[in-house]
A.B. asks: 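The following block contains the structure, expressed as C-alpha cells.
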There are 2 protein chains.
Amino acid sequence: MSENAFYKLRDEIENGIVTGEFEPGERLDETQLAARFSVSRTPIREALMQLSAIGLVEIRPRRGACVIDHPPQYVFEMFEVMGELEAMAGALAARRHTDADREALSSSHERCLASAASGDTDAYYYDNELFHHAIYSASHSAFLKDQCIALHRRLRPYRRLQLRVRNRMQTSVREHGAIVDAILAGDAEEARALLRSHIVVQGDRFSDLVAGIQSMKMQTRAR
Amino acid sequence: MSENAFYKLRDEIENGIVTGEFEPGERLDETQLAARFSVSRTPIREALMQLSAIGLVEIRPRRGACVIDHPPQYVFEMFEVMGELEAMAGALAARRHTDADREALSSSHERCLASAASGDTDAYYYDNELFHHAIYSASHSAFLKDQCIALHRRLRPYRRLQLRVRNRMQTSVREHGAIVDAILAGDAEEARALLRSHIVVQGDRFSDLVAGIQSMKMQTRAR
DNA sequence: GTCAATAATCTTGTATACAAAAATGGCCAG
DNA sequence: CTGGCCATTTTTGTATACAAGATTATTGAC
C-alpha cells in the first residue's frame with residue numbers, strides 16, 4: 001500500500017473496467033476517483049494516462065476520460081487478431097516446448113477439465129487464463145508472450161461474457177484437449193489451425209457476443 | 001502549443017527515442033526534460049507514463065524513467081510478430097481491397113520506386129511507411145490496422161538501422177512489387193507469405209541488425 | 001412556455017510545494 | 001589507499017493551488 005500508488009490505481013481502475021463496474025462509455029471523473037481511493041488527482045491522472053495508452057480508456061482534451069466503447073465489429077477484429085497471435089504462439093510451442101512446458105500445459109488443462117466439470121465459471125475463467133499463458137510461455141518468444149498477455153487483458157471484459165453462453169465451457173475445454181495434443185505431438189500447423197478457430201468469434205458466437213454487449217449496456221442504462 | 005501539452009510532449013520524447021537522440025538505456029530525467037521543453041514536471045510525467053504503457057520507456061519505482069533497452073533476441077521476436085501481423089493484413093487486403101485501396105497501394109509503391117532509385121534513404125523511409133500503411137488500410141480491419149501502426153512505431157528505431165545496409169532499399173522495393181501484385185491479384189496466401197518474409201529479419205539481416213544496434217550503443221558510450 | 005445568451009459552477013490541465021526515498025560525497029577507521 | 005558509514009543533496013511521488021476551458025443554471029426576450 002505504501003509505494004507507487006499509480007500502479008495500484010491503474011490495476012484497480014483496469015479491474016473495474018474488466019469486471020464491468022465501469023461500463024463502456026462511462027465517464028471517469030478524476031475528482032470522484034481521487035475521493036474514492038483517498039488520493040489526490042495526480043496519481044489518478046497518471047493511472048488514466050497509462051490506461052489510455054493501453055487502449056482501455058479514451059482521453060479527450062478538456063473533456064476528461066471515458067471507458068473505451070468499441071463497436072462490435074472492432075471487438076470482433078480484436079478476437080481475430082488475438083486468434084492469429086495465439087495461433088502463432090501455438091505453432092511455435094509445438095516446435096519448441098520443453099519438458100517443463102509439457103508439464104505446465106497438461107496440468108493447466110487438467111485444472112480446466114476439473115473446473116468445467118464442476119460448472120464453476122469463475123474458476124474456469126481463471127484456469128483458462130493459466131492454460132493460455134502456458135501456451136504463450138511454451139512459444140519461447142518473450143515479445144509474443146507480452147503481446148498475447150496484453151491483448152488477452154484487453155479482451156477480458158468480452159471473454160467473460162462469452163462464458164455465460166450455454167455449454168461454452170464444455171466446448172472450450174474440449175478444444176483445449178485437441179490443442180494440447182497437437183502441441184505435444186509437435187504438429188505446428190495443426191496447433192495453429194486449432195487455436196485460430198478456438199479464439200476467433202465466428203458465426204453464432206459473434207451474435208452471442210453482440211447480444212452480451214447489448215445486455216451489458218442495458219444493465220447500465222437501468223441503474 | 002496552447003492545448004494538451006502532454007500529447008505534444010509524448011510525441012516529442014517518442015521522436016527523440018526513435019531518432020536515437022535518447023539512446024536505449026538512457027535515463028530520462030524529469031526535471032531536465034521539463035526545463036528543456038519549458039514546462040513543469042507534471043505533463044512530463046504524464047507523457048512518460050504513456051510511453052511506459054506503450055513499452056518505449058521503463059519506469060522503476062523511485063528510480064525514474066529509462067529508454068527501454070531490449071536484447072537483440074527480443075527485437076528479433078518483435079519483427080517476427082510484426083511479420084505475422086502484416087502477413088495477416090496482406091491476406092485480408094488481397095481479399096477485401098477496394099478500388100481506392102488499389103490506387104493507394106500502387107501510388108505509394110510508385111513513390112517507393114522513385115525514392116529508392118534516387119537513393120534518398122530518408123525519403124524511402126517515409127514512403128515505405130506510406131506503403132505499409134496502405135496495406136493496413138486495405139485490410140479493412142480497424143483493430144489490425146491500429147496494432148500494426150503501434151508496432152510499426154515501436155520498431156522505427158531498428159527499421160532505420162536496417163536501411164543503412166547496402167542495397168537494402170533495392171531489395172525492399174523489389175519485394176514490394178511482388179507484394180502489390182499478389183494483393184491486387186487477390187492471392188491471399190501469396191501475399192501472406194511474401195509479407196512475412198519481407199518483414200522477418202532472417203539470417204544475415206539479423207546479424208546486420210545486431211551489428212547496427214551495437215554500433216548505435218558504441219556511439220553513445222563515446223560521447 | 002421555449003429558446004438563447006450570459007453568468008455561475010465545475011472540471012481539466014499545469015505549476016508549485018513538500019515529504020520521503022535514493023544517490024552522492026565526504027569522513028573516518030583499518 | 002581502500003572500504004564502509006553517516007550527512008548532504010538530488011530526485012521522485014503526491015498534494016495542493018490556480019488559471020482557462022467546458023458545462024450547467026439562470027435570466028430575459030419573444
Side-chain angles (χ1 to χ4, degrees), chain A residues 1-17 21-69 217 220-221 223, chain B residues 1-17 21-69 217 220-221 223:
Chain A
M1 181 77 63
S2 57
E3 67 181 13
N4 278 99
F6 60 84
Y7 271 125
K8 235 181 96 77
L9 289 170
R10 176 168 63 73
D11 293 346
E12 205 90 44
I13 298 172
E14 180 179 341
N15 210 47
I17 294 172
E21 187 190 344
F22 304 122
E23 292 95 358
E26 183 176 342
R27 190 125 172 292
L28 296 170
D29 187 281
E30 294 175 6
T31 315
Q32 221 167 289
L33 288 169
R36 164 164 172 178
F37 294 110
S38 323
V39 292
S40 79
R41 278 173 50 224
T42 310
I44 294 284
R45 277 182 67 85
E46 293 180 350
L48 290 176
M49 289 292 168
Q50 296 203 58
L51 291 174
S52 97
I54 291 170
L56 275 172
V57 152
E58 190 185 0
I59 296 178
R60 286 168 311 177
R62 289 259 170 219
R63 295 271 178 106
C66 291
V67 178
I68 206 108
D69 185 16
K217 286 186 192 170
T220 309
R221 302 276 147 65
R223 294 193 314 185
Chain B
M1 183 76 59
S2 57
E3 68 180 12
N4 279 99
F6 60 85
Y7 270 124
K8 234 180 98 77
L9 288 171
R10 176 168 63 71
D11 293 346
E12 205 88 45
I13 298 171
E14 179 180 341
N15 211 47
I17 295 172
E21 187 189 346
F22 305 122
E23 293 94 359
E26 183 177 342
R27 191 123 172 290
L28 295 169
D29 187 279
E30 295 175 4
T31 315
Q32 220 168 291
L33 288 169
R36 166 165 170 176
F37 295 112
S38 326
V39 293
S40 78
R41 278 174 50 222
T42 310
I44 294 285
R45 278 182 66 87
E46 293 180 350
L48 289 177
M49 290 291 169
Q50 296 204 58
L51 292 175
S52 98
I54 292 172
L56 274 173
V57 152
E58 190 186 359
I59 296 179
R60 285 168 312 176
R62 289 263 170 214
R63 296 274 178 105
C66 291
V67 178
I68 205 107
D69 186 15
K217 286 185 190 169
T220 309
R221 302 275 148 64
R223 296 193 314 182

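As the structure is a prediction and not an experimental result, all values here were calculated from the model. Lettering follows sequence order; numbering is per chain, from 1.
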A.B. asks: State the CG-NZ distance between N15(A) and K8(A), to the nearest 0.5 angstrom.
C.D. replies: 11.0 Å
A.B. asks: Relative to the 5' end of DNA chain D, which residue comes earlier, S40(A) or R27(B), by the nucleotide with the nearest heavy atom?
C.D. replies: R27(B)
A.B. asks: Can you tell me how far P of dA15(C) sits from CZ of R45(B), to the nearest Å?
C.D. replies: 14 Å
A.B. asks: Output the rounded distance in Å from CZ (F6(B)) to C1' (dT14(C)).
C.D. replies: 11 Å
A.B. asks: Quick one: does any side-chain atom of E14(B) pair with a main-chain N or O of D11(B) as donor and acceptor, under 3.5 Å?
C.D. replies: no
A.B. asks: I need the S52(B) OG to Q50(A) CD distance, nearest 0.5 Å.
C.D. replies: 4.0 Å
A.B. asks: Does R41(B) place a side-chain N or O at less than 4.0 Å from the phosphate oxygens OP1/OP2 of dA15(C)?
C.D. replies: no
A.B. asks: Rounded to whole Å, how long is the line connecting atom CD of E30(B) with atom P of dA22(C)?
C.D. replies: 15 Å
A.B. asks: Give the nucleotide from the list dA22(C), dT14(C), dA20(D) with an atom nearest to the side chain of P43(B).
C.D. replies: dT14(C)
A.B. asks: Are L56(B) and I13(B) side-chain neighbours, meaning at least one heavy-atom pair lies under 4.5 Å?
C.D. replies: no
A.B. asks: Rounded to whole angstrom units, what separation is found between the CG atom of L48(B) and the C1' atom of dT14(C)?
C.D. replies: 16 Å
A.B. asks: Distance check needed: dT14(D) C1' versus K8(A) NZ, whole Å only.
C.D. replies: 16 Å
A.B. asks: Does T42(A) or D29(B) map to a spot on DNA chain D nearer the 5' end, using the closest nucleotide for each?
C.D. replies: D29(B)
A.B. asks: Taking atom types as they are modelled, would you say the side chain of R63(A) forms a donor-acceptor pair with the base of dG21(D) within the 3.5 Å cutoff?
C.D. replies: no
A.B. asks: Return the value, rounded to whole Å, for the distance between atom CG of L9(A) and atom P of dT14(D).
C.D. replies: 8 Å
A.B. asks: Whole angstrom is fine here: how far is it from CZ in R62(A) over to P in dG21(D)?
C.D. replies: 6 Å
A.B. asks: Nearest-Å distance, CD1 (I59(A)) to P (dG13(C))?
C.D. replies: 7 Å
